[in-house]
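What follows is one structure encoded as structure tokens, with my remarks underneath.
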Amino acid sequence: MSCHAVKAKAFLKNEERALWHDKALYAVREKRDRQAYSLPEWESLREQASQIKERVLGNLADYLEEFERNATRNGIKVHWAESGEEMNAIVAQIIKEKGAKHLVKSKSMLAEECHLAPYLEERGVEVVESDLGERIVQLMECAPSHIVLPAIHIKREEVGELFEEKLSTEKGNSDPTYLTHEARKHLRKKFLNADISMTGVNFAIASEGVFAVCTNEGNADMGTAFTDTHIAIMGLEKIVPDMESLAVFTRLLARSATGQPITTYTALYRQPEEGKEIHLIIVDNGRTKSLADAEHRTMLKCMRCGACMNTCPVYRRTGGYSYSYFIPGPLGINLGMLRSPEAYGGNVSGCSLCYSCSGVCPAKVDLAEQIYKWRQQMAPLGVADSKKKMIVKAMNLMMRNPRLMNAGVAVAPYIPRFVYNNGINPWCASGREMPHFAKKSFRVLWNEGKIKR
Amino acid sequence: MTAKENILKRLRAAQGASVEKPKPTFEPIRFEDRVAHFTEMVKAVGGDVVAMQGNLIDTLAAAGVDVTNLVSPLEELQDKALNPDAVADVGELGGLYTAVVSGRVGVAENGAVWVPVEGRRRAHIFACNHLVIVLDRGCVVDTMHDAMGRISLDGLAYGAFISGPSKTADIEQALVLGAHGAMKTTIILY
């Protein structure tokens with residue numbers, strides 16, 4: 001069994017919760033559909049976004065330089081980091097220079113990718129996640145299970161118990177409104193106490209040297225408004241050429257992500273306020289390597305909306321923790337493979353190749369085709385299942401030899417089922433029955449004249 | 001070589017042939033009654049829209065706002081409201097009050113309003129309990145394409161498109177208004 005299948009089994013033990021998870025995410029997918037269908041130009045918008053991203057990827061060095069020039073002119077301090085370690089070190093250095101101790105941050109997948117929070121905590125910095133879902137998983141000391149809905153795997157009763165312990169909320173009260181407003185009070189204190197803030201970047205507009213941060217809670221803007229230093233981190237693929245491009249992406253992002261017409265806050269940061277500083281770190285951490293991979297560079301067009309997860313029948317039914325990469329679903333399968341086929345090859349089987357993800361991606365990334373390609377690359381990369389590889393070799397030999405093939409097909413129905421319908425057969429995962437062999441093959445029926453033209 | 005030089009060198013080697021910038025191939029949606037659609041969308045995202053009745057302070061009072069507890073950079077409220085730029089420490093803006101700000105462009109397709117911050121401080125926009133945005137109904141456009149054409153970033157430190165009150169659905173997908181910022185958002189159209 002692949003590592004994905006093993007972990008999925010654990011998730012599926014709680015049938016009721018698995019069913020809830022499936023339905024909750026499909027409801028988000030349906031909300032996305034309603035938004036998409038409400039715009040006659042939806043498909044043209046996706047095509048436009050895809051082409052803009054192609055343009056960006058083909059001219060990325062120039063766009064980054066243009067962005068840096070304009071951002072610097074605006075008063076933003078731009079840094080470059082080749083790796084996650086370099087990014088973390090730059091962040092730690094800025095925090096040190098400012099003498100800061102309390103960092104309040106909004107959600108950033110890049111921070112997760114580079115393990116920034118534990119790095120800073122080891123250096124004595126308090127890191128407070130300010131997105132409610134992120135704060136819940138942080139207090140629970142677990143990882144997000146979805147990139148947009150980090151706590152989608154957690155039930156309200158569990159949040160109630162967690163807050164009872166950590167925030168001293170009322171015993172037994174698990175009403176989402178009550179809990180959210182208690183978290184608001186708790187985080188309000190954290191915002192006012194913070195001495196430095198961090199955000200991710202949704203879009204960096206090259207022509208303006210401005211960057212956009214999109215949230216529903218307003219947590220990113222709360223953090224930056226109350227602190228004197230704002231550190232923003234961005235993967236280098238986050239560039240969009242100009243404001244007209246930003247219009248295209250802001251129309252697609254929230255509609256695809258949560259089925260909202262736009263995020264509540266789409267903040268444009270152009271210049272630090274008087275007496276304040278904005279530091280922006282442009283991070284590579286493997287992205288230039290992905291760009292050089294002609295087969296898979298299309299993954300860099302992703303805008304992290306999570307639509308591919310919400311629609312994925314495997315993700316919905318197995319949960320984010322079934323994947324070994326920190327980003328789950330079709331996106332995570334692909335990004336994990338770009339990161340390390342050796343470490344994350346076990347995820348590629350977590351896909352039924354239904355292609356639904358490719359159908360909803362707002363940047364038209366062909367996620368399913370990408371997974372299919374990775375499957376073809378498993379053997380050359382040396383990460384294929386050795387048992388499957390051996391059996392496929394044997395099958396190949398047999399199918400090339402008609403006499404052997406016919407003999408095999410004739411004998412197959414008489415082989416006792418336990419020989420192949422067992423745990424040793426790598427295709428026979430538990431809960432999956434191998435098909436029965438027909439008593440007579442099509443060839444035999446044909447020769448007996450039982451097939452009518 | 002610096003990190004920047006290394007990254008740019010790798011990018012130039014990896015990015016391949018330059019790709020042309022695409023031309024828009026579609027006509028964005030147009031609404032028959034832009035202001036009506038805008039109003040509908042603001043309500044759909046949890047906000048409210050009211051028409052200006054007489055002067056601003058009367059309109060605020062009629063909308064149920066406690067006019068003795070206002071924070072606003074607007075000229076016409078200077079004798080009634082605390083000016084956010086006047087506070088010595090931004091932490092003073094962390095409490096419970098209604099903030100009144102000026103919006104420049106309303107977007108019919110999504111109920112968002114462009115709120116540029118021309119003053120020094122912006123904390124009041126997010127920390128307030130109730131955000132009131134005053135907007136000229138003639139500045140409502142159809143889509144984000146039109147909005148981007150209308151806004152100017154020159155000289156601006158910060159601006160935001162704001163669509164309804166702060167919200168979250170992070171606990172079991174149950175929608176809750178007022179995650180951090182405004183619990184309520186009201187747009188006053190004049």
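All values derive from a computational prediction rather than experimental measurement. Lettering follows sequence order; numbering is per chain, from 1. The figures that follow rest on heavy atoms only: side chains count, while hydrogens, waters and symmetry mates do not.
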Looking at [options], which one has more heavy-atom pairs under 4.5 Å with chain B than the rest?
options                               : value
A:Ala61, A:Pro261, A:Gly218           : A:Ala61
A:Glu208, A:Met243, A:Gln48           : A:Gln48
A:Leu192, A:Leu60, A:Val159, A:Leu179 : A:Leu60
A:Asn59, A:Asn216, A:Val56            : A:Asn59
A:Ala225, A:Gly275, A:Ala292          : A:Ala225
A:Ser44, A:Ser290, A:Ser130           : A:Ser44

Which answer fits [X], side chain, backbone, both or neither, if we ask what part of it has an atom under 4.5 Å from a heavy atom of chain B?
X        : result
A:Glu47  : neither
A:Arg255 : side chain
A:Arg188 : side chain
A:Thr258 : neither
A:Asp62  : both
A:Leu57  : backbone
A:Arg297 : side chain
A:Leu45  : both
A:Glu68  : side chain
A:Val210 : side chain
A:Ile154 : backbone

Most heavy-atom pairs under 4.5 angstrom with chain A, which of [options]?
options                              : value
B:Ala14, B:Ala182, B:Pro165          : B:Ala14
B:Thr168, B:Thr25, B:Asp89           : B:Thr168
B:Gly119, B:Ala174, B:Pro24, B:Gly91 : B:Pro24
B:Ala3, B:Gly46, B:Ala157            : B:Ala157
B:Pro28, B:Gly164, B:Ala112          : B:Pro28

Taking CD in B:Glu5 as the centre, count heavy atoms belonging to other residues, nucleotides or ligands within less than 6.0 Å. Is the count above 12?
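Yes.
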
Taking it one step at a time, do A:Trp80 and B:Leu8 satisfy side-chain contact (heavy atoms from CB on, under 4.5 Å)?
CA-CA 10 Å; A:Trp80 299 70; B:Leu8 290 174; 4.1 Å; yes

Under 3.5 Å: donor-acceptor pair, side chain of B:Gln173, backbone of A:Ala24:
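Not a single qualifying donor-acceptor pair exists.
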
For the pair A:Arg55 (side chain) and B:Val19 (backbone), establish whether a donor and an acceptor sit closer than 3.5 Å, ignoring hydrogens and angles.
yes

Note, [X] side chain near [Y] side chain (heavy atom, < 4.5 Å):
X        : Y        : result
B:Glu109 : A:Leu39  : yes
B:Ile7   : A:Glu82  : yes
A:Ile136 : B:Ile171 : yes
A:Glu273 : B:Arg122 : yes
B:Met183 : A:Arg184 : yes
A:Leu236 : B:Leu11  : yes
A:Thr263 : B:Phe161 : no
B:Trp114 : A:Leu268 : yes

[X], part contacting chain A, at a heavy-atom distance under 4.5 Å:
X        : value
B:Ala127 : both
B:Thr185 : neither
B:Val176 : side chain
B:Val45  : side chain
B:Pro116 : neither
B:Lys9   : neither

Residues which pass side chain to side chain contact (heavy atoms under 4.5 Å, CB included) with A:Val283, listed by chain and number, not counting sequence neighbours:
A:Ala81, A:Met87, A:Leu110, A:Ile281, A:Asn285

Should the pair B:Lys4-A:Asp284 be classified as a salt bridge under the 4.0 Å nitrogen-to-oxygen rule?
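Looking at B:Lys4 and A:Asp284, the cut-off is not met.
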
Electrostatic pair A:Glu65-B:Arg12, nearest N-O below 4.0 angstrom
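A salt bridge is present here (some side-chain N lies under 4.0 Å from a carboxylate O).
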
Per-residue contacts, residues 145-156 of chain B versus chain A, heavy atoms under 4.5 Å
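Against chain A, the residues of residues 145-156 of chain B that fall inside the cut-off (heavy atoms, under 4.5 Å) are B:His145, B:Met148, B:Ile151, B:Leu153, B:Asp154, B:Gly155, B:Leu156.
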
Compute whether any side-chain donor of one residue and acceptor of the other, for A:Glu217 and B:Ser166, lie under 3.5 angstrom apart.
no

For side-chain contact (heavy atoms from CB on, under 4.5 Å), just list the numbers for A:Glu41 and B:Glu27, CA-CA rounded to whole Å, side-chain angles, deciding distance to a tenth of an Å, and then say yes or no.
CA-CA 7 Å; A:Glu41 67 265 35; B:Glu27 198 45 52; over 6 Å; no

Assert yes or no for the condition that the ring centre distance of A:Phe226 to B:Phe126 is strictly below 6.0 Å.
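No - the distance between ring centres of A:Phe226 and B:Phe126 does not fall below the 6.0 Å cut-off.
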
Members of residues 246-253 of chain A whose heavy atoms come closer than 4.5 Å to chain B:
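Those residues of residues 246-253 of chain A which have a heavy atom under 4.5 Å from chain B are A:Leu246, A:Ala247, A:Val248, A:Thr250, A:Arg251.
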
Of all residues at least two apart in sequence or in a different chain, which pass the salt bridge (Lys or Arg N to Asp or Glu O under 4.0 Å) check with B:Arg34?
B:Asp142

Apply side-chain contact (heavy atoms from CB on, under 4.5 Å) to residues B:Glu20 and A:Gln51 and explain how you reach the verdict.
CA-CA 9 Å; B:Glu20 282 299 300; A:Gln51 288 183 21; over 6 Å; no

A:Phe191 and B:His180: side-chain contact (heavy atoms from CB on, under 4.5 Å), yes or no, with the steps?
CA-CA 10 Å; A:Phe191 280 122; B:His180 289 298; 3.5 Å; yes

